[in-house]
Protein chains: 2
Amino acid sequence: MAATIKDVARLSGFSVTTVSRALNGHSDVSEETRKKIMEAAQALNYVPNRVAQQLVTKRANAIGLYSLDRETFQNQFITLMIAGMMDEVTIHDFNLLLFATQRLQTAEEMIMQCRQRGIGGAIISGVRLDEAWLGDLPKVDFPLVVVDVPVQGPRATYVSVDNVLGAQKAIDHLVSLGHRQIGMINGHSGAWVSHQRLAGYQQAVRAHGLPWKESYVFEGDFSKESGRKGAEHLLKVNPELTALFVASDLMAVGALEQLQAMGYAVPEQISVVGFDDQDFAIHVSPPLTTIRQEMYTFGRLAARELIQMIGDPSYIPQHVDLPCTLVPRGSTGPVGRTRGCSS
Amino acid sequence: MAATIKDVARLSGFSVTTVSRALNGHSDVSEETRKKIMEAAQALNYVPNRVAQQLVTKRANAIGLYSLDRETFQNQFITLMIAGMMDEVTIHDFNLLLFATQRLQTAEEMIMQCRQRGIGGAIISGVRLDEAWLGDLPKVDFPLVVVDVPVQGPRATYVSVDNVLGAQKAIDHLVSLGHRQIGMINGHSGAWVSHQRLAGYQQAVRAHGLPWKESYVFEGDFSKESGRKGAEHLLKVNPELTALFVASDLMAVGALEQLQAMGYAVPEQISVVGFDDQDFAIHVSPPLTTIRQEMYTFGRLAARELIQMIGDPSYIPQHVDLPCTLVPRGSTGPVGRTRGCSS
DNA sequence: GGAATCATCCGAAACGTTTCGGATAGGAGG
DNA sequence: CCTCCTATCCGAAACGTTTCGGATGATTCC
């Protein structure tokens with residue numbers, strides 16, 4: 001069907017070897033013959049068969065993306081990340097393979113699956129801290145980039161936004177608006193980011209010398225419903241709160257709805273800060289103040305780091321810590337205003 | 001590094017041929033030797049090298065997804081579709097390759113890219129009607145499934161929801177609530193779905209004998225901003241309108257905001273129906289009544305059809321027309337109520 | 001008892017590349 | 001003139017599979 005290197009050899013009058021070397025830019029072929037070979041290849045519309053190439057060179061020009069958590073996959077988080085990965089991967093002439101939501105039994109299993117297909121490295125997203133094989137990841141001799149879980153080894157690293165800093169920015173913002181009693185709705189403890197965001201919150205609370213009780217923190221599970229519950233619980237137990245820092249936009253929207261249902265005006269009586277800046281954050285009312293993660297950049301850098309590792313076995317992978325930014329919108333305001341004209 | 005078929009042959013004491021046939025379940029190998037070979041393979045942790053397999057059998061166990069429109073890629077639409085594709089693909093032991101947002105010059109170019117990599121077929125999403133190579137797609141000898149653009153040939157088909165029916169359901173719903181003056185905000189004409197949704201709207205208007213003027217339809221471009229503009233324009237020109245059918249949720253949210261800014265109460269004075277059922281539809285206020293597309297199923301069926309085509313060259317691909325459903329929520333209500341207590 | 005059938009097995013070619021280890025010839029150096 | 005480079009080219013092996021076309025014995029059939 002398609003032209004092979006033999007056809008090019010035949011048409012140009014040179015050997016298969018020379019054609020290969022000419023096409024791959026090796027030095028021991030004269031300019032004249034290179035030109036002839038190029039022409040022949042052009043005429044036959046020849047493109048090298050990557051499968052054959054891969055078989056002999058073992059060079060893997062593809063990376064895999066494992067998205068292990070179905071829910072992670074359904075939000076916008078991963079979409080932008082994929083877009084970033086795609087763009088980066090394209091630059092390096094790599095391919096991007098997707099692997100379905102699935103329970104991996106062991107790290108080896110995944111690596112087998114990859115090697116078998118000529119995949120040189122993988123990005124893993126949605127790993128929970130209680131995953132049994134998590135500890136094996138750093139030891140493995142296969143380029144790996146993990147998303148939002150700290151993993152580091154000679155061939156493995158991780159990317160994450162600076163969640164501690166993000167939480168601090170949220171609290172700083174609230175403090176600058178005069179808030180002093182600030183509650184937090186956190187995600188579940190299976191996610192590394194939950195611990196980081198909590199740490200950031202606590203550091204900021206301490207740094208600003210804010211009053212604090214253990215009951216100021218509610219552990220949710222990233223669902224909208226848990227945001228709702230968190231808001232209800234926190235304000236029932238601690239009526240003095242004037243602001244909530246919520247560890248995801250989805251939970252923040254739940255909190256928002258619950259607060260409004262309880263008769264609180266946002267932001268006049270209670271301010272709310274989310275995390276992520278998902279697209280719906282600007283569509284709710286009031287629009288959500290949140291901490292934005294640059295997921296597109298995130299994906300690009302993850303892919304870049306991985307491709308770097310694949311290309312150079314001696315490269316020591318670097319942890320990528322992305323900054324995140326506060327996006328002030330309508331759900332936060334100065335403390336202490338009187339009650340608004342809600343119905 | 002990894003064990004090859006030769007290692008299995010050596011360990012089990014049989015020839016490479018026999019090992020291959022045993023592992024692939026051919027008939028001319030006795031149960032006894034099959035068992036021995038299986039054991040040897042197990043012991044060596046052998047998995048066949050797919051790259052080598054592919055080189056010889058030309059069977060392509062992978063499909064590609066071309067997402068040609070960056071914006072399409074950024075909404076949830078594609079995410080769920082990918083999830084569906086992944087699940088279907090996994091069942092058939094296929095792989096899913098992603099191709100970056102890009103301008104394709106010709107259909108051949110894409111096919112080359114695929115063949116070169118051992119990809120047996122592709123799903124193409126985000127094609128605009130004015131794409132020059134669109135007409136070539138049906139003629140091409142390469143399994144193709146196009147999303148939301150009618151393409152049909154011996155090796156090509158398309159999947160779409162029944163947009164005409166969806167629009168009709170929206171109008172039926174509004175009519176059942178007593179509405180008779182119904183405007184529409186459409187997407188841009190580069191999208192096939194825009195034409196379909198308009199057709200459904202017009203058919204329903206005619207079927208119900210509703211009053212209609214050309215000025216009842218506003219052509220937007222799927223952006224939130226255009227939804228805003230559309231609402232403003234439609235109600236300025238046609239103050240008698242009591243309902244809007246909007247061809248995407250994003251535009252509908254824009255319309256919602258604009259209507260509220262103009263002092264209209266939704267749904268008391270104006271009802272709004274969106275299209276898509278993106279995740280933010282339930283977070284806006286009032287929650288958006290919309291036409292839901294089952295994107296997950298969409299992706300699954302697209303992948304299934306494609307894999308079917310790849311496996312059986314004589315299979316005549318079927319057009320898949322998914323039903324869509326009305327999801328009634330807070331943005332629609334009976335016509336003719338008096339103005340609510342908005343501030 | 002010979003031919004035909006059957007159940008098992010295997011050698012070698014093929015898939016389309018890259019690359020190792022030369023081969024050839026012309027020119028430079030002595 | 002002989003040797004040694006250098007520049008350019010090529011044959012053949014290798015990558016890890018599948019599969020075509022037998023080969024081998026044992027069994028069945030007439």
Side-chain angles (χ1 to χ4, degrees), chain A residues 1-38 40-41 44-62 93 95 112-120, chain B residues 1-38 40-41 44-62 93 95 112-120:
Chain A
M1 181 115 238
T4 78
I5 199 172
K6 281 180 194 162
D7 298 319
V8 179
R10 194 156 27 232
L11 181 63
S12 66
F14 293 92
S15 77
V16 168
T17 305
T18 306
V19 172
S20 173
R21 300 186 70 78
L23 260 25
N24 289 323
H26 287 234
S27 60
D28 61 349
V29 34
S30 75
E31 267 319 306
E32 200 189 332
T33 64
R34 188 191 304 278
K35 191 160 290 174
K36 280 185 197 161
I37 287 172
M38 293 291 201
L44 291 170
N45 214 344
Y46 168 77
V47 278
N49 178 324
R50 295 224 176 194
V51 177
Q53 260 177 347
Q54 232 175 67
L55 182 59
V56 47
T57 63
K58 273 133 174 30
R59 162 170 32 87
N61 52 346
D93 197 29
N95 282 126
M112 282 299 246
Q113 196 177 46
C114 284
R115 282 206 214 276
Q116 204 191 348
R117 289 156 215 258
I119 293 171
Chain B
M1 181 116 238
T4 79
I5 199 172
K6 281 181 194 163
D7 299 319
V8 179
R10 195 160 21 235
L11 181 63
S12 66
F14 293 93
S15 77
V16 169
T17 305
T18 305
V19 172
S20 173
R21 301 186 70 78
L23 260 25
N24 289 322
H26 287 233
S27 60
D28 62 348
V29 32
S30 75
E31 268 317 307
E32 200 190 330
T33 64
R34 188 191 304 279
K35 191 160 288 175
K36 278 185 195 160
I37 288 172
M38 292 292 200
L44 290 170
N45 215 342
Y46 168 78
V47 278
N49 179 325
R50 294 225 176 195
V51 177
Q53 260 177 348
Q54 233 176 66
L55 182 59
V56 47
T57 66
K58 277 137 176 17
R59 162 168 34 85
N61 51 347
D93 197 28
N95 283 126
M112 283 298 248
Q113 196 177 46
C114 284
R115 283 207 214 275
Q116 202 191 350
R117 288 153 215 259
I119 294 171

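Convention: sequence-line order gives letters A, B, ...; per-chain numbering from 1.
At a cut-off of 3.5 angstrom, counting only N and O atoms as typed in the model, there is a donor on one side and an acceptor on the other between the side-chain of B:Thr17 and the base of C:dA12.
Atom-to-atom, CZ of B:Phe14 to C1' of D:dT18 comes out at 19 Å; the value is rounded to the nearest Å. For the pair A:Ile5 CD1 and D:dC10 P, the interatomic distance rounds to 12 Å; values are reported in whole Å. Counting to the nearest Å, the P atom of D:dG16 and the CG atom of B:Asp7 are 9 Å from each other. Put simply, NZ on A:Lys6 is 9 Å from P on C:dT17, counting in whole angstrom units. Following rounding to the nearest Å, B:Arg21 (CZ) and C:dC9 (C1') show an atom-to-atom distance of 10 Å. A:Asn24 places its CG atom 18 Å from the P atom of D:dT8, with the value rounded to the nearest Å. Atom-to-atom, CG of B:Asp28 to P of D:dG21 comes out at 15 Å; the value is rounded to the nearest Å. Atom CZ in B:Arg59 sits about 17 Å away from atom P in C:dC15, given to the nearest Å.
Proximity of a side-chain donor or acceptor of B:Asn24 to a complementary backbone N or O of B:Arg21 within less than 3.5 Å is not detected. Using modelled atom types, no side-chain atom of A:Thr18 and backbone atom of A:Phe14 make a donor-acceptor pair closer than 3.5 Å.
Contact record, A:Gly120 with A:Ala60: N-CB, 3.3 Å, taken as the closest heavy-atom pair.
Looking at heavy-atom distances under 4.0 Å, A:Thr57 makes contact with sugar-phosphate atoms alone, never a base. Within the nucleic acid shown, B:Val51 has no heavy atom closer than 4.0 Å to any nucleic acid atom. Heavy atoms of B:Thr4 sit under 4.0 angstrom from primed sugar atoms or phosphate atoms, though from no base atom. Here A:Val47 lies in heavy-atom contact (under 4.0 Å) with sugar-phosphate atoms only.
Between the side chains of B:Asn49 and A:Gln116, no donor N or O sits under 3.5 Å from an acceptor N or O.
Heavy-atom distances to DNA chain C give each of B:Leu55 and B:Gly13 a nearest nucleotide, and the one nearer the 5′ end belongs to B:Gly13. Residue order along DNA chain C, read from the 5' end via each residue's closest nucleotide, puts B:Val19 first among A:Asn49 and B:Val19.
Proximity of A:Ser20 to the phosphate of C:dT18: a side-chain N or O atom is located under 4.0 Å from OP1 or OP2.
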